[in-house]
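Take a look at the structure set out below.
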Amino acid sequence: MDGNGRWASRRLLPRLAGHRQGVETLRLAVKWALARRIPVLTVFAFSSENWNRPAEEVKGLMTLLQHAIPRELPGFVEQGVALRFVGERQALKPEMQALFERAEARTQDGARLVLNICFNYGGRWDIVQAAQTLAARGIAITEASMPEAMALAHVADPDLVIRTGGERRVSNFLLWQAAYAEWFFSDKPWPAFTHDDLDEALLAFKRRERRFGQTSEQVRGAGRDPQPAPAVAQAAAVEQHSA
């Protein structure tokens, strides 16, 4: 979910104010997903490229996350949300790694929603680490074996990817997993995104015919509903790359 910094700049606010508002929108998005029985929500909180941002902004984002996670944990436990952090953790400070581990342990019994927070994550990194993992295990690297080694192996591939902020690019997000996902691009910056915007994306998804390489005639001839409701919604939570 993109556009935090630009949302703030247009209001003559510091960029970090946009990220704070983005966290509040994410809190609401969790409730929207629960209300719509979406079982998995994956958000892009910090990409492997975001280290290139100004040091002050990176520090502010880290501090924001360190405060937000403990504050939100009681609500996640009460709502049945299982929190999972996805990305390369070794580059993070030990206290951040420990925070992630504690949060995952405390919410591990959540059965209503899996909330994946992609932090220090990149789609290329995920593909490389999966291939390296399989090679180390002596397992042949194939399309069938790769998914079990991916960082999001614990959930199904996404049906729907939503990107806000008006950009029309993938930005190194879920490169393997989103191969057959439907994409929805919103011009609204993430802090301004609402439940009505989410419903618009879900309705657009429902209207699409998902063929997975087949023809429309094959899909309909097999008696399969070409417009199923989405099982997994994937989104990016913090502004990616754009100014």
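When a residue number appears, it is its place in the shown sequence, counting from 1.
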Does N50 use its side chain to pair, donor to acceptor, with the backbone of V58 at less than 3.5 Å?
no
Inter-residue atom distance F173.CZ - C118.SG, 0.5 Å rounding:
5.0 Å
Euclidean distance, L198 CG relative to F193 CZ, rounded to 0.5 Å
5.5 Å
Do other residues, nucleotides or ligands put more than 12 heavy atoms under 6.0 Å from E95 CD?
yes
Under 4.5 Å between side-chain heavy atoms, counting indirect links through other Ile/Leu/Val/Met/Phe/Trp/Tyr residues: same cluster for W51 and L64 or not?
no
Run R102 and I69 through side-chain contact (heavy atoms from CB on, under 4.5 Å) and show every step you take.
CA-CA 10 Å; R102 290 194 300 270; I69 292 174; over 6 Å; no
Looking only at atom types and distance, does a side-chain atom of Q79 sit under 3.5 Å from a main-chain N or O of G75, one as donor and one as acceptor?
yes
Residue set satisfying ring pair (Phe, Tyr, Trp, His ring centres under 6.0 Å) with W183, at least two apart, ordered chain then number -> F185
Below 4.5 Å, heavy atoms only, C-beta onward: do H67 and V23 meet side chain to side chain?
no
Closer than 3.5 angstrom, by distance alone: can the side chain of R6 be matched with the main-chain N or O of P189 as a donor-acceptor pair?
no
Closer than 3.5 angstrom, by distance alone: can the side chain of Q177 be matched with the main-chain N or O of P158 as a donor-acceptor pair?
no
Is it the case that more than 12 heavy atoms not belonging to Q66 sit under 6.0 Å from its CD atom?
yes
Where at least one partner belongs to residues 82-109, residue pairs that pass ring pair (Phe, Tyr, Trp, His ring centres under 6.0 Å), sequence neighbours excluded
F85-F100, F100-F119
Under 3.5 Å, is there a donor-acceptor pair between the side chain of Q129 and the main chain of A149?
yes
Distance col, row F184:CZ vs E200:CD, nearest 0.5 angstrom, shows 4.0 Å
Quick check for you: to the nearest 0.5 Å, what is the distance between L41 atom CG and L160 atom CG?
10.5 Å
Check E143 against W176 and note the closest heavy-atom contact, atom names and distance.
O-CZ2, 4.0 Å
Which pair of non-hydrogen atoms, one from A153 and one from P147, has the smallest distance, and what is that distance?
CB-O, 3.4 Å
Backbone N or O of N120 within a donor-acceptor pair of the S48 side chain at under 3.5 Å?
no
Partner set under side chain to side chain contact (heavy atoms under 4.5 Å, CB included) for L28, not counting sequence neighbours:
W32
Are T107 and V81 close enough that some pair of their side-chain heavy atoms sits under 4.5 Å apart?
no
Rounded distance (nearest 0.5 Å) linking atom OG1 of T164 with atom CG of N4:
7.5 Å
Is any side-chain heavy atom of Q108 less than 4.5 Å from a side-chain heavy atom of L83?
no
Report yes if the side chains of R36 and D199 come closer than 4.5 Å at any heavy-atom pair, otherwise no.
yes
For the residue pair H154 and N116, establish whether any side-chain heavy-atom pair is separated by less than 4.5 Å.
yes
Ignoring hydrogens, what is the shortest heavy-atom contact between G5 and R15? Give both atom names and the distance.
CA-NH1, 3.7 Å
Can you see which heavy atom on I139 is nearest to which on S145, and at what distance?
CG2-CB, 4.1 Å
What is the minimum heavy-atom distance between Y121 and D126, and which atoms define it?
OH-OD2, 3.4 Å
Is V77 linked to I117 within one hydrophobic cluster, defined over Ile, Leu, Val, Met, Phe, Trp and Tyr using a side-chain heavy-atom separation of less than 4.5 Å?
no
Under a 3.5 Å distance rule, please check whether E57 uses its side chain to pair with a backbone N or O of P54 as donor and acceptor.
no
Rounded distance (nearest 0.5 Å) linking atom CG of D157 with atom CE of M150
8.5 Å
What pair of heavy atoms forms the shortest contact from A17 to W7, and how long is it?
O-CZ3, 4.2 Å
Listed once per pair and sorted, the side-chain hydrogen bond (donor to acceptor under 3.5 Å, both in side chains) pairs that draw on residues 132-141, sequence neighbours left out
none
If you define the side chain from C-beta out and look only at heavy atoms, does anything of R106 sit under 4.5 Å from P74?
yes
Taking the side chain from R163 and the backbone from D2, do they hold a donor-acceptor pair closer than 3.5 Å?
no
Could you see if V43 belongs to whatever hydrophobic cluster contains L92? Use Ile, Leu, Val, Met, Phe, Trp, Tyr and a side-chain cutoff under 4.5 Å.
yes
Between R27 and E24, is there a salt bridge with N-O shorter than 4.0 Å?
yes
Quick one: side-chain hydrogen bond (donor to acceptor under 3.5 Å, both in side chains) pairs with a partner in residues 80-93, sequence neighbours left out?
R89-E104
According to the salt bridge (Lys or Arg N to Asp or Glu O under 4.0 Å) rule, which pairs have a member within residues 171-196, sequence neighbours left out?
R168-D187, E182-R208, E182-R210, K188-D197
Do the side chains of F76 and V30 get nearer than 4.5 Å, heavy atoms only?
yes
